[in-house]
Amino acid sequence: MPRTTRTALTAAATAVLAAGALVAVSSPARAADGRVGVRETVCAQDLYVRTAPLGAWTGTLFQGQTFLVEQLDGDWVYGFAYGDINRHGWVQDGWFC
């Protein structure tokens, strides 16, 4: 293979790798799942607190407020909602920092 062709291929491969790294770095981070026994911080703009999974709304946690996870149940977590709510309830999992 001629030297100029190898140089061009090397440059192209480097550009592709650099573009891939840029995409990986600039992708938004996914919020974390709750962990039992941990007082998690809410990353969502708002997070509804309910009486049961998909149950009646009892309040809203806002970004930066905290929730002590006591039990996991699929896509939902049960625990104590701090902030303005200050009571037990269920929230959808996956919205913690």
Side-chain angles (χ1 to χ4, degrees):
M1 182 180 313
R3 182 178 171 91
T4 55
T5 305
R6 277 187 299 195
T7 303
L9 287 175
T10 302
T14 302
V16 168
L17 290 173
L22 180 60
V23 169
V25 170
S26 64
S27 297
R30 181 187 168 311
D33 289 334
R35 297 164 290 166
V36 173
V38 177
R39 188 169 171 175
E40 302 281 7
T41 301
V42 174
C43 278
Q45 199 70 11
D46 50 44
L47 184 60
Y48 297 144
V49 179
R50 299 180 178 275
T51 57
L54 296 173
W57 172 87
T58 63
T60 304
L61 284 167
F62 296 99
Q63 189 173 36
Q65 291 184 321
T66 58
F67 185 86
L68 176 60
V69 177
E70 297 176 8
Q71 178 184 339
L72 302 173
D73 187 5
D75 292 336
W76 294 86
V77 294
Y78 176 80
F80 192 82
Y82 290 87
D84 298 329
I85 299 171
N86 285 318
R87 68 176 156 263
H88 282 91
W90 291 86
V91 298
Q92 192 174 29
D93 199 9
W95 296 102
F96 304 112
C97 298

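Positions are given from 1, in the same order as the sequence printed here.
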Give a yes or no on whether F62 and F80 share a hydrophobic cluster (residues Ile, Leu, Val, Met, Phe, Trp, Tyr; joining criterion: side-chain heavy atoms under 4.5 Å apart).
no

For residues 37-46, run the donor-acceptor check on the side chains, cut-off 3.5 Å, and write out each pair with its distance to 0.1 Å, sequence neighbours left out.
residue, atom, partner, partner atom, Å
R39, NE, T66, OG1, 2.9
R39, NH2, T66, OG1, 3.1
E40, OE1, R35, NH2, 3.3
E40, OE2, R35, N, 3.1
E40, OE2, R35, NE, 3.1
E40, OE2, R35, NH2, 3.4

Residues pairing under side chain to side chain donor-acceptor pair (under 3.5 Å) where one sits in residues 67-82, two or more places apart or in two chains, turn out to be E70-H88

Distance-only check: which donor-acceptor pairs under 3.5 Å involve side-chain atoms of residues 52-60, not counting sequence neighbours?
residue, atom, partner, partner atom, Å
W57, NE1, G59, O, 2.9
W57, NE1, T60, OG1, 3.1
T58, OG1, V49, O, 3.2

Determine which pairs satisfy disulfide (SG to SG under 2.5 Å) with at least one residue from residues 61-92, sequence neighbours left out, and list them in order.
none

Can you hop from L68 to L61 via hydrophobic side chains spaced under 4.5 Å?
no

Expected list for residues 89-97: side-chain donor-acceptor pairs under 3.5 angstrom, two or more places apart:
residue, atom, partner, partner atom, Å
Q92, OE1, W95, NE1, 3.4
D93, OD1, G34, N, 2.7

Connected via hydrophobic side-chain network under 4.5 Å: V77 and Y48
no

Q63: partners by side-chain hydrogen bond (donor to acceptor under 3.5 Å, both in side chains), with sequence neighbours left out:
none

